[in-house]
Amino acid sequence: MSASDERIPHFIREIIREDNRTGKWEGRVVTRFPPEPNGYLHIGHAKSICLNFGMALEFGGVCHLRFDDTNPTREEDEYVRSIIEDVRWLGFDWGDHLYYASDYFGLMFDHAVALIRKGFAYVDDQTSEQIREARGTLTKPGRESPYRNRSIDENLDLFERMKAGEFPDGSKVLRAKIDMAASNINLRDPVMYRILHAAHHRTGDAWCVYPMYDWAHGLEDSIERVTHSICTLEFEDHRPLYDWFLDKLEIYHPQQIEFARLNLAFTVMSKRKLLQLVREGRVSGWDDPRMPTLSGMRRRGYTPESIRNFAEMIGVAKRDSLVDMSMLEYCVREHLNKSAPRAMAVLDPLRVVITNYPEGRSEELDCINNPEDPAEGTRRVPFGRELYIEQEDFREDPPPKFHRLSPGREVRLRYAYFITCRDVVKDADGRVVELRCTYDPETHGGDSPDGRKVKGTLHWVSAAHAADAEVRLYDRLFTVPDPASETDWLAHLNPRSLEVVTAKIEPCLKDVSPGYRCQFERKGYFCADPDSRPDRPVFNRTVTLRDTWAKIEGKMNR
RNA sequence: UGGGGCGUCGCCAAGCGGGAAGGCACGGGGUUUUGGUCCCCGCAUCCGGAGGUUCGAAUCCUCCCGCCCCAGCCA
């Protein structure tokens with residue numbers, strides 16, 4: 001049974017259920033996914049998206065897509081486009097509820113004025129260094145700013161003039177007047193507004209004061225009448241501040257709830273690090289198939305279904321965790337096994353000549369497109385005297401339990417015939433370059449009328465009909481489970497995370513369009529890459545099939 | 001050393017005073033024209049540790065230990 005068939009209980013679901021029972025929000029459920037458009041979405045965001053949209057869907061509510069674009073120096077339109085595309089691709093719909101924090105700048109400013117009037121905010125002329133120095137430390141309380149007790153009128157005047165552009169960047173900030181001795185450092189008069197003479201990707205030059213996260217976020221939630229404001233654990237310390245602003249303003253007050261962000265083994269999840277990989281050319285871009293970004297995973301061949309199922313499978317809790325790659329891989333395989341058509345491709349070709357097959361002859365054999373889905377039907381695949389099989393499917397000196405081809409041994413070519421290896425042709429260096437085999441015409445289709453059994457079934461491609469394809473084989477991006485915890489995380493990049501081979505593919509694979517997903521029988525799931533050209537298709541390996549033989553052999557060699 | 005959070009199987013994760021769910025991984029068996037899929041079976045006498053309360057504790061109390069987050073005019 002898959003994880004999606006049964007809802008795993010988690011504490012956020014419990015909170016919402018309880019709120020609905022008590023009527024805390026009159027039965028409304030409004031969540032939001034609030035990315036900052038300063039990078040591409042990754043699998044960690046997917047967890048949050050699935051949670052927020054999932055809760056809304058489950059409880060008949062809505063989930064807003066809101067760009068938290070309060071810092072013009074780091075945000076770009078390219079990112080908002082990619083985020084919209086990725087959330088859609090994941091399968092979620094925000095209806096009309098697409099919002100931008102920048103649309104609230106006017107309202108936020110008015111609220112700040114209101115807070116000043118109430119005596120809860122002041123303009124500080126100290127430099128950022130002075131502010132930092134006066135903030136104190138984890139164990140020492142901070143000192144109050146000399147500007148802390150300016151009159152309300154002076155604060156009002158100064159704040160208006162900040163907005164009017166009379167002061168240079170960094171010369172003044174608006175601060176909340178809370179408690180410089182608070183044990184929670186976030187409460188030591190946090191900065192609400194800074195002066196930034198920078199063009200914003202949406203508001204242009206309309207503003208030169210921009211709100212800080214803590215001030216802005218609760219307001220955004222309040223304005224949109226969000227009920228459950230779900231965020232990650234590091235904001236737990238900020239909740240008192242979230243609550244303080246809304247309480248002092250006496251406005252609609254959503255509930256902030258924190259959960260543990262996703263960590264995936266053998267990759268990194270911070271936008272800063274992902275950006276660095278892109279900028280330094282360690283990967284080909286945000287959508288490099290080795291990246292944990294949604295665009296990368298999409299290009300790699302992951303399906304939205306599999307990612308949603310993964311999100312459900314890993315659960316939602318408050319403890320830090322490092323999720324095993326095998327869970328993600330399980331989810332893609334599960335979905336692709338059901339949905340991906342099969343085809344044959346030989347990644348590491350070894351020529352086979354069927355000596356008793358008439359020269360010049362060929363025929364077409366019926367192959368099942370997906371044994372998991374009879375509705376997918378069959379296709380005709382050409383067969384001839386010369387074929388390619390996988391190099392690893394032949395062993396001159398087979399180890400115990402090896403069930404594939406070796407001298408004198410008979411195996412089945414899938415959907416074709418039984419063949420027996422009669423001769424091995426080697427080059428000057430002693431490498432096996434060709435196999436001379438005979439086939440049994442009675443076994444047409446791969447069945448033996450006399451009931452004789454064969455231990456192995458091999459995939460193959462007709463040499464005369466095969467096309468070449470570039471196939472990109474991916475491995476984990478890093479060689480250590482938690483690269484972010486290493487002092488020099490880049491030193492642990494996996495030098496073998498990408499291997500490119502030229503494969504022999506069956507004719508039906510020649511003209512597939514980018515994004516086409518299928519299984520190369522016995523090898524794994526693959527997805528046609530946008531780099532494909534008419535004469536040269538390119539495939540990305542999404543994930544291998546489970547490989548029991550590799551496991552057995554690995555154990556024997558140990 | 002201040003504050004906030006968290007510790008249940010190799011990895012996730014339920015459990016909310018009365019039989020330690022489930023999934024992944026792993027091991028064993030069966031089916032199989034993918035050593036794939038599928039199907040069976042196994043896998044914590046134990047819940048970070050030590051005390052205590054209770055007829056009864058992973059669940060309540062106390063102390064201890066460990067891990068994560070916070071000193072951006074980032075989010």
Side-chain angles (χ1 to χ4, degrees), chain A residues 1-3 6 8-10 14 34-36 38 68 70-71 73-74 124 126-128 131-133 135-142 169-175 182-188 191-196 210 212-214 216-217 231-240 258 260 265 271-272 312-331 333-334 337-338 342 344 368 371-372 401-404 412-416 418 443 445-448 454-459 481 519-524 544-553:
Chain A
M1 170 173 299
S2 81
E6 233 168 51
I8 301 152
H10 60 66
E14 289 305 312
E36 181 189 12
N38 68 343
D68 204 1
T70 56
N71 185 348
T73 65
R74 324 206 308 179
D124 195 342
Q126 294 182 106
T127 64
S128 56
I131 290 178
R132 188 194 335 119
E133 196 270 326
R135 186 151 30 224
T137 68
L138 296 180
T139 48
K140 287 198 297 280
D169 288 4
S171 59
K172 286 180 168 45
V173 291
L174 183 71
R175 290 232 257 170
S183 49
N184 179 344
I185 291 181
N186 297 124
L187 262 16
R188 320 238 262 230
V191 173
M192 294 166 61
Y193 275 95
R194 74 283 214 185
I195 299 173
L196 245 30
Y210 290 94
M212 298 287 292
Y213 171 87
D214 286 306
H217 206 87
C231 63
T232 44
L233 250 29
E234 66 270 28
F235 293 105
E236 210 149 21
D237 284 340
H238 296 243
R239 193 173 62 226
E258 310 85 10
K271 280 199 266 187
R272 202 201 112 255
E312 188 72 31
M313 188 182 224
I314 57 176
V316 177
K318 295 196 71 160
R319 73 182 82 104
D320 291 314
S321 63
L322 184 61
V323 175
D324 218 282
M325 285 284 277
S326 66
M327 287 207 211
L328 222 205
E329 293 178 346
Y330 173 86
C331 290
R333 289 194 186 109
E334 181 192 46
N337 174 54
K338 289 182 287 197
R342 312 283 115 138
M344 292 194 283
I368 294 167
E372 301 296 315
K401 294 181 182 169
F402 183 85
H403 296 155
R404 281 111 92 142
R412 169 169 37 235
L413 292 182
R414 182 145 230 231
Y415 301 126
F418 285 12
T443 58
D447 264 322
S448 57
V454 99
K455 286 245 195 77
T457 300
L458 273 42
H459 63 282
Q519 181 193 111
F520 289 175
E521 294 226 24
R522 305 207 306 137
K523 295 311 298 181
T544 62
L545 257 32
R546 268 186 60 207
D547 192 349
T548 307
W549 165 243
K551 218 178 288 173
I552 293 168
E553 199 179 25

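In what follows, every chain begins at residue 1, and chains take the letters A, B, ... in the order their sequences are listed.
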Any side-chain heavy-atom pair of A:T70 and A:Y213 under 4.5 Å: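 A:T70 vs A:Y213: side chains apart.
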Close side-chain approach of A:N186 to A:P240, heavy-atom, < 4.5 Å: no
Listing, residues 545-552 of chain A side-chain donor-acceptor contacts under 3.5 Å, not counting sequence neighbours, or none:
residue : atom : partner : partner atom : Å
A:D547  : OD1  : A:W549  : N            : 3.3
A:D547  : OD1  : A:A550  : N            : 3.0

Nearest-Å distance once atom [atom1] is located in both [N] and [M]:
{"N": "B:rG49", "M": "B:rU8", "atom1": "P", "answer": "10 Å"}
{"N": "B:rG15", "M": "B:rA75", "atom1": "C1'", "answer": "35 Å"}
{"N": "B:rG35", "M": "B:rG29", "atom1": "C1'", "answer": "15 Å"}
{"N": "B:rU37", "M": "B:rA25", "atom1": "P", "answer": "9 Å"}
{"N": "B:rU62", "M": "B:rC73", "atom1": "P", "answer": "37 Å"}
{"N": "B:rA14", "M": "B:rG19", "atom1": "C1'", "answer": "16 Å"}
{"N": "B:rU59", "M": "B:rG72", "atom1": "P", "answer": "39 Å"}
{"N": "B:rA58", "M": "B:rC46", "atom1": "P", "answer": "11 Å"}

Given [options], identify the nucleotide with an atom nearest to the side chain of [X].
{"X": "A:K318", "options": "B:rA13, B:rC6, B:rC12", "value": "B:rC6"}
{"X": "A:M327", "options": "B:rG36, B:rG2, B:rC11", "value": "B:rC11"}
{"X": "A:L322", "options": "B:rG35, B:rC12, B:rA14", "value": "B:rC12"}

Distance-only side-chain donor-acceptor flag, A:T457 / A:R414, under 3.5 Å: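 The criterion, which ignores hydrogens and geometry beyond distance, is not satisfied for A:R414 and A:T457.
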Watson-Crick/G-U partner (both atom distances under 3.5 Å) of B:rC73: none
Watson-Crick/G-U partner (both atom distances under 3.5 Å) of B:rG66: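 Because both required distances fall under 3.5 Å, B:rG66 counts as paired with B:rC6.
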Tell me whether [X] contacts the main-chain N or O of [Y] through its side chain, where contact means a donor paired with an acceptor under 3.5 Å.
{"X": "A:R342", "Y": "A:E521", "result": "no"}
{"X": "A:N184", "Y": "A:D237", "result": "yes"}
{"X": "A:R74", "Y": "A:N38", "result": "no"}
{"X": "A:R194", "Y": "A:G170", "result": "no"}
{"X": "A:K271", "Y": "A:E36", "result": "yes"}

Pull out every protein N or O sitting under 3.5 Å from an N or O of nucleotides 41-44 of chain B, one pair per line with the distance.
none

A:R319 side-chain N/O to B:rA13 phosphate OP1/OP2 under 4.0 Å: yes
Distance below 4.0 Å between A:K551 side-chain N/O and B:rC26 OP1 or OP2: yes
Looking across every strand, which nucleic acid part, if any, lies under 4.0 Å from [X] by heavy atom: base, sugar-phosphate, or nothing?
{"X": "A:V316", "result": "sugar-phosphate"}
{"X": "A:E372", "result": "base"}
{"X": "A:F520", "result": "nothing"}
{"X": "A:E258", "result": "nothing"}

base_contact_polar (B:rU34 base, A:R412 side chain, donor-acceptor, <3.5 Å): no
Residues which pass side chain to side chain donor-acceptor pair (under 3.5 Å) with A:T232, listed by chain and number, not counting sequence neighbours: A:E234
Side chain to side chain donor-acceptor pair (under 3.5 Å) partners of A:N71, counting only residues at least two apart: A:T73
In B:rG27, glycosidic geometry as syn within 90° of 0 or anti otherwise: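 It is anti.
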Annotated protein contacts, base or backbone, on nucleotides 70-75 of chain B with a non-hydrogen cut-off under 4.0 Å, one of B, S, - each: BBSBBB
Could you go through nucleotides 46-48 of chain B and list every protein N or O atom that sits under 3.5 Å from one of its N or O atoms, giving the distance for each pair?
none

